[in-house]
Q: 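Below you will find the structure I want to go over with you.
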Amino acid sequence: MSGMSASLALRLIGKTEDKEHAMIESEPQHAREISYFMENIENVETVDDLIGDYRLYSFVMKAYDLEDQIFGKAMMGKILKSDIDDKESLVNKLTDDRFEVFYEAMGFSDEGAANSNTIDPEWKAKIVAAYVDTTYVNGKAEDNEALGLALQFRRKAGTVDSAYDLLKDKDMAQFIRTALGLPDEIATGDIDRQAALLSERIDFDKLGDEDYVESLVRKFAAISDATSDTVSTNPIVTLMSGALSSSSGSFVPVTIDIDTIQGFSGYKLR
């Protein structure tokens, strides 16, 4: 979907997502790793058992979008052995929420010395589903960054309780700035002021509501398309691009009504 508008790509994947998940599961490379995980994860009782089996360790790390951290075995071991109830523990000190999500999903107890999840068929299926879906989303993001951000927001929105939850996730923060028409420059400002700004514009109580989430996704896609060089053949984008810059290349202040452009009707942002 490289070069395709984010809006069009989002409409298309709604019809193909299940089939593409099934294709990922059946691809030889992924099928081998899924089979290895299913057959061997029950041998894992401790954090050290998991870290000691590189294929299992890599599989669960990829499932929770931590492939870029696979090299950090020592750190990951300390995270998984942390006490989540201790505010001073490593898992609570890290600002990247992927680590806490991973910690909770693995479910080690007794400082990493026990785990009853690994013999649970439902838990195994959940990890495999996470692996397949993360592979799917990351593949889409490689083709179309805006699409990847939208898919991630759809999946994570229900876990967001406050502006700080958005701001501590780089991709979620980028998504919401775009969806609200805010400049990226505000990301360098005071975190509390950023949180206050988002709180004025987002109804956090509705982030578990699919329709409200989709209203944000559609706004994000429309603005992404309007500012993307890859979809300049879209007549709406051409119109908006003309409003955004003059022939000299200088910025021309305008008011863009995204709802009108989309024909959007539904929840309105506060």
Side-chain angles (χ1 to χ4, degrees), residues 1-44 50 53-71 76 97-98 101-102 104-107 117-159 169-172 174-175 178 210-211 213-214 216-218 220-222 224-225 228 230-231 233-234:
M1 297 184 182
S2 179
M4 184 182 296
S5 74
S7 299
L8 178 56
L10 281 166
R11 288 197 295 272
L12 290 176
I13 65 169
K15 300 178 180 179
T16 63
E17 188 168 326
D18 290 343
K19 291 181 179 179
E20 292 191 58
H21 275 75
M23 288 174 63
I24 290 170
E25 285 193 62
S26 64
E27 288 177 6
Q29 174 190 351
H30 297 304
R32 284 193 299 269
E33 297 310 308
I34 290 170
S35 178
Y36 185 85
F37 170 80
M38 293 295 287
E39 292 172 6
N40 293 280
I41 191 63
E42 64 186 35
N43 297 322
V44 169
L50 178 65
D53 187 320
Y54 186 77
R55 287 180 72 179
L56 291 177
Y57 167 68
S58 297
F59 186 90
V60 296
M61 290 286 282
K62 290 176 181 177
Y64 287 89
D65 202 24
L66 286 166
E67 185 171 6
D68 61 333
Q69 301 295 322
I70 286 177
F71 68 91
M76 294 309 304
D97 69 340
R98 291 180 301 166
V101 171
F102 181 65
E104 297 283 6
M106 291 298 102
N117 285 334
T118 59
I119 59 173
D120 181 354
E122 291 186 5
W123 181 84
K124 293 180 186 180
K126 179 182 177 181
I127 301 299
V128 169
Y131 173 88
V132 172
D133 190 57
T134 298
T135 301
Y136 170 77
V137 171
N138 287 346
K140 295 301 181 188
E142 288 178 6
D143 290 339
N144 186 318
E145 182 182 2
L147 176 60
L149 290 173
L151 292 177
Q152 286 192 50
F153 182 78
R154 276 181 177 172
R155 284 154 172 76
K156 295 180 179 180
T159 67
D169 184 313
K170 176 172 64 70
D171 291 338
M172 292 276 274
Q174 182 178 342
F175 172 94
T178 301
E210 184 177 345
D211 290 339
V213 169
E214 283 306 301
L216 290 169
V217 169
R218 286 193 291 270
F220 167 83
S224 293
D225 290 344
S228 172
T230 62
V231 291
T233 56
N234 184 314

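Quick note: residue numbers are just sequence positions, from 1. As the structure is a prediction and not an experimental result, all values here were calculated from the model.
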Q: Taking the side chain as everything from C-beta on, heavy atoms only, tell me whether Thr134 gets closer than 4.5 Å to Val137.
A: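 In short, these two side chains do not touch, never coming nearer than 4.5 Å.
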Q: If you count heavy atoms of other groups shown closer than 6.0 angstrom to CD1 of Ile119, is the number above 12?
A: no
Q: Contact between Leu56 and Phe37 at the side-chain level, heavy atoms closer than 4.5 Å - yes or no?
A: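 The answer is yes; the side chains approach within 4.5 Å.
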Q: Are the side chains of Met172 and Lys156 in touch, meaning some heavy atoms are under 4.5 Å apart?
A: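 Counting from C-beta outward, Met172 and Lys156 do come under 4.5 Å.
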Q: Is the closest side-chain donor-acceptor distance between Asp225 and Ser7 under 3.5 Å?
A: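 Note: Asp225 and Ser7 side chains meet the donor-acceptor criterion.
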Q: Would you give the length of the straight line joining atom CE of Met38 to atom CD1 of Ile127, rounded to the nearest 0.5 angstrom?
A: 10.5 Å
Q: State, to 0.1 Å, how close Phe175 and Val217 come at their nearest heavy-atom pair, and which atoms those are.
A: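 In this case the closest contact between Phe175 and Val217 is CZ-CA, 3.8 Å.
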Q: Dump the intermediate steps for side-chain contact (heavy atoms from CB on, under 4.5 Å) on Val60 and Tyr131, then the final yes or no.
A: CA-CA 7 Å; Val60 296; Tyr131 173 88; over 6 Å; no
Q: Any chance you could lay out the salt bridge (Lys or Arg N to Asp or Glu O under 4.0 Å) test for Arg155 and Glu17, step after step, and finish with the verdict?
A: CA-CA 14 Å; Arg155 284 154 172 76; Glu17 188 168 326; 2.9 Å; yes
Q: Are Tyr36 and Phe59 near enough that their ring centres are under 6.0 Å apart?
A: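 Aromatic pair excluded; centres sit 6.0 Å or further apart.
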Q: When you compare the side chains of Ser35 and Glu39, does any donor N or O come within less than 3.5 Å of an acceptor on the partner?
A: yes
Q: Is Asp171 salt-bridged to Arg98, going by a charged N under 4.0 Å from an acidic O?
A: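 Between Arg98 and Asp171 there is no salt bridge, as every charged N stays at least 4.0 Å from the carboxylate O atoms.
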Q: Does a donor on one side chain sit under 3.5 Å from an acceptor on the other, for Asp65 and Asn138?
A: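 The criterion, which ignores hydrogens and geometry beyond distance, is satisfied for Asn138 and Asp65.
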Q: Decide, yes or no, whether a salt bridge links Glu33 with Lys62 under the criterion of side-chain N to carboxylate O below 4.0 Å.
A: no
Q: Decide yes or no for His30 and Val132: does some side-chain heavy atom of the first lie under 4.5 Å from some side-chain heavy atom of the second?
A: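 When only atoms from C-beta onward are counted, Val132 and His30 do not touch, as no gap falls below 4.5 Å.
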Q: Asp53 vs Val44, test: side-chain contact (heavy atoms from CB on, under 4.5 Å). Steps then yes/no.
A: CA-CA 9 Å; Asp53 187 320; Val44 169; 5.7 Å; no
Q: Looking at side-chain heavy atoms only, is the closest gap between Asn117 and Ile41 below 4.5 Å?
A: no
Q: Is any side-chain heavy atom of Phe102 closer than 4.5 Å to a side-chain heavy atom of Gln69?
A: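 Answer no - side chains too far apart.
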Q: Without swapping roles, check the side chain of Arg154 against the backbone of Ala150 for a donor-acceptor pair under 3.5 Å.
A: no
Q: Are any non-hydrogen side-chain atoms of Glu145 and Gln174 less than 4.5 angstrom apart?
A: yes
Q: For a quick test of reading the model, state the closest non-hydrogen atom pair linking Asp120 to Glu122 and the distance between them.
A: OD1-N, 3.0 Å
Q: Are any non-hydrogen side-chain atoms of Met61 and Met76 less than 4.5 angstrom apart?
A: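 Result yes, sub-4.5 Å side-chain heavy-atom pair found.
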Q: Please list, chain by chain and in numerical order, all residues satisfying ring-ring contact (aromatic ring centres under 6.0 Å, His included) with Tyr57, sequence neighbours excluded.
A: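 Once residues adjacent in sequence are excluded, Tyr57 has no partner under the ring-ring contact (aromatic ring centres under 6.0 Å, His included) criterion.
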Q: Might you work through the side-chain contact (heavy atoms from CB on, under 4.5 Å) test for Thr159 and Val101, ending with a clear yes or no?
A: CA-CA 10 Å; Thr159 67; Val101 171; over 6 Å; no
Q: Quick check: does any side chain N or O of Trp123 sit under 3.5 Å from a backbone N or O of Ala105, one acting as donor and the other as acceptor?
A: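 Yes: the side chain of Trp123 pairs with the backbone of Ala105.
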